[in-house]
*Asks:* 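Could you have a look at this structure, given as structure tokens, before my questions?
This is a predicted model, so every value here is computed, not measured. Reminder, nothing fancy here: chain letters follow the sequence lines and each chain counts from 1.
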There are 2 protein chains.
Amino acid sequence: MTVPPGRRERKKAATRQKIADTALRLFLEHGYEAVGIRDVAAEADVAVTTVFSHFAAKEALVFEQDADFEQRLTQAVTGRAPDEPLIPALRHEIQALVRHCTGDGAAPIWRMIDESPALREYEGAMRLRHAESLATAIAADLGLPPATTACRTIAMFVIDAFSLAREAADPEAAVDEIFSMIEAAWEVTRAEASGARGSSGR
Amino acid sequence: MTVPPGRRERKKAATRQKIADTALRLFLEHGYEAVGIRDVAAEADVAVTTVFSHFAAKEALVFEQDADFEQRLTQAVTGRAPDEPLIPALRHEIQALVRHCTGDGAAPIWRMIDESPALREYEGAMRLRHAESLATAIAADLGLPPATTACRTIAMFVIDAFSLAREAADPEAAVDEIFSMIEAAWEVTRAEASGARGSSGR
DNA sequence: ACCGTAGCACTAACCGTTAGTTCTTCGAAA
DNA sequence: TTTCGAAGAACTAACGGTTAGTGCTACGGT
């Protein structure tokens, strides 16, 4: 499964990576808005249409790891130890993600994102997607209908926690602070569920 | 202040309104993406550049009342009765806003928004702006530094409440449910604040 | 060795958006 | 009232992201 899956797919992946690397380098060198798609394509030695066959939009070149992020969150829910409660598992994962994003390597990228309106807008849309899929994972894990308000609410709060902590002066402390708030919010839904149906959350 | 503020400004406002009305009508008739800025300009009998002198982007034609929304939220904080607690005041305002958005008149517009990726993206960016200014208002009201994590967190949660409730099967019940969670989250920050400094929230 | 297809290049355009400039019209000072 | 400054709006022309439409090429299975 992890062994050579054919030359074709390797070449495709290599092209994609080359485009992403080239784009990020140019963006950091000259600024996001100053670099055009045509510049990226020329520097990576591919056609403009090839860029768009690998990435849905210019902004997606920056948020290349979008899918990873989403999957790590849902994995934190569905793949946690059987006796581990939901919220702490999410807190732990968000803590790790925040640490990664505020590290020396990723910091210049996020500074660029914060400075570009187009990138901030794109991030806002991503947040909604991530919250959606996290809500689905949570609802499935709890055996609830997928559109339950409480699940969608907690999911959004968790996504908020990432964005807020990332920008805070002390990111790790912020994660803890926000998650203590989320924990309290979650307790309320458990109380209401047990009051209404005699069952409880985890 | 409410008397005729000059013919010039009335004409300008009329032009703006005509553009917004024309755009919304065309969007609802033919679909958001099927209608171009040039179509809107032609139908409203103005130049394309005039459209952009009144609205920053195509999406802004749909979210015309953006500024109203933001101001109502901050007003709910800064203009509430002296003895009214913060969270219930916000709950009341969000309740009113949700009721307005799910009414018969506004429903088709929000359906259009939900179906268009571009509009959802724009809304995501708006949410961040609204959360920012709400956080500033809350922090000012409580006499805290403007970037306090707890304030920014509560502000985001409140904005989330609007989006979540708007899409829920029973919007009004959803507002109550989510705000009971927010209330609990807020209690936590009061406890931590009084534990650390002997002071308390409202 | 052979063929189907996936990946990529190229052209040409569409659409949102902006800069630069000119024309018109309103508001207020003289 | 006359005049002048300024603001709104028009027009042109372009830039940058994005998308068909169309072949060509090289890989992978038969």
*Asks:* What nitrogen or oxygen pairs link the protein and nucleotides 15-19 of chain C at under 3.5 Å?
*Replies:*
{"unit_1": "dG16(C)", "atom_1": "OP1", "unit_2": "Lys58(B)", "atom_2": "NZ", "d": "2.9"}
{"unit_1": "dG16(C)", "atom_1": "OP2", "unit_2": "Ile37(B)", "atom_2": "N", "d": "2.9"}
{"unit_1": "dG16(C)", "atom_1": "N7", "unit_2": "Arg38(B)", "atom_2": "NH1", "d": "3.1"}
{"unit_1": "dG16(C)", "atom_1": "N7", "unit_2": "Arg38(B)", "atom_2": "NH2", "d": "3.4"}
{"unit_1": "dT17(C)", "atom_1": "OP2", "unit_2": "Lys58(B)", "atom_2": "N", "d": "2.8"}
{"unit_1": "dT17(C)", "atom_1": "O4", "unit_2": "Arg38(B)", "atom_2": "NH2", "d": "3.4"}

*Asks:* May I have all residue pairs that pass side chain to side chain donor-acceptor pair (under 3.5 Å) and include part of residues 143-166 of chain B, sequence neighbours excluded?
*Replies:*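 Listed once each, the pairs are Glu167(A)-Arg152(B), Asp114(B)-Arg166(B), Arg127(B)-Asp160(B), Arg127(B)-Ser163(B), Glu132(B)-Arg152(B).
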*Asks:* Measure the distance from NZ on Lys18(A) to P on dC8(C) and round it to the nearest whole Å.
*Replies:* 11 Å
*Asks:* For Glu64(A), enumerate each residue passing the side-chain hydrogen bond (donor to acceptor under 3.5 Å, both in side chains) test, keeping only those at least two apart in sequence or located in another chain.
*Replies:* none
*Asks:* Roughly how many Å is it from CD in Glu9(B) to C1' in dC26(C), rounded to a whole number?
*Replies:*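 Nearest whole value for this atom pair: 11 Å.
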*Asks:* Let me know the distance between CG of Leu61(A) and C1' of dG17(D), rounded to the nearest Å.
*Replies:*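 Atom-to-atom, Leu61(A) to dG17(D), this comes out as 11 Å.
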*Asks:* Can you figure out which of dA10(D), dA9(D), dC8(C) approaches the side chain of Ser53(A) most closely?
*Replies:* dC8(C)
*Asks:* With a 4.0 Å cutoff (strictly under), does any side-chain N or O of His54(B) reach OP1 or OP2 of dA9(D)?
*Replies:* yes
*Asks:* For residues 95-104 of chain A, tabulate all N or O donor-acceptor pairs below 3.5 Å that involve a side-chain atom, not counting sequence neighbours.
*Replies:*
{"unit_1": "Arg99(A)", "atom_1": "NH1", "unit_2": "Glu172(A)", "atom_2": "OE1", "d": "2.9"}
{"unit_1": "Arg99(A)", "atom_1": "NH1", "unit_2": "Glu172(A)", "atom_2": "OE2", "d": "3.1"}
{"unit_1": "Thr102(A)", "atom_1": "OG1", "unit_2": "Val98(A)", "atom_2": "O", "d": "2.8"}
{"unit_1": "Thr102(A)", "atom_1": "OG1", "unit_2": "Arg99(A)", "atom_2": "O", "d": "3.4"}

*Asks:* Could you walk me through whether Phe69(A) and Phe63(A) pass the ring-ring contact (aromatic ring centres under 6.0 Å, His included) check?
*Replies:* CA-CA 10 Å; Phe69(A) 184 92; Phe63(A) 294 102; 9.8 Å; no
*Asks:* If you look at every strand shown and take non-hydrogen atoms under 4.0 Å, does Asp45(B) touch a base, only sugar-phosphate, or nothing?
*Replies:*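 Sugar-phosphate, backbone atoms only, no base.
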*Asks:* Check whether any side-chain N or O of Thr50(B) sits under 4.0 Å from OP1 or OP2 of dG8(D), and answer yes or no.
*Replies:* no
*Asks:* Whole angstroms only, please: what is the NZ-C1' distance between Lys11(B) and dA7(D)?
*Replies:* 13 Å
*Asks:* In a table with atom names and distances, give each donor-acceptor pair under 3.5 Å that connects a side chain of residues 40-60 of chain A to protein atoms at least two apart or in another chain.
*Replies:*
{"unit_1": "Glu43(A)", "atom_1": "OE2", "unit_2": "Arg25(A)", "atom_2": "NH2", "d": "3.1"}
{"unit_1": "Ser53(A)", "atom_1": "OG", "unit_2": "Thr50(A)", "atom_2": "O", "d": "2.8"}
{"unit_1": "Lys58(A)", "atom_1": "NZ", "unit_2": "Tyr32(A)", "atom_2": "O", "d": "3.2"}
{"unit_1": "Lys58(A)", "atom_1": "NZ", "unit_2": "Val35(A)", "atom_2": "O", "d": "2.9"}

*Asks:* Apply side-chain hydrogen bond (donor to acceptor under 3.5 Å, both in side chains) to Gln65(B) and list each qualifying residue two or more places apart in sequence or on a separate chain.
*Replies:*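 side-chain hydrogen bond (donor to acceptor under 3.5 Å, both in side chains) list for Gln65(B), sorted by chain: empty.
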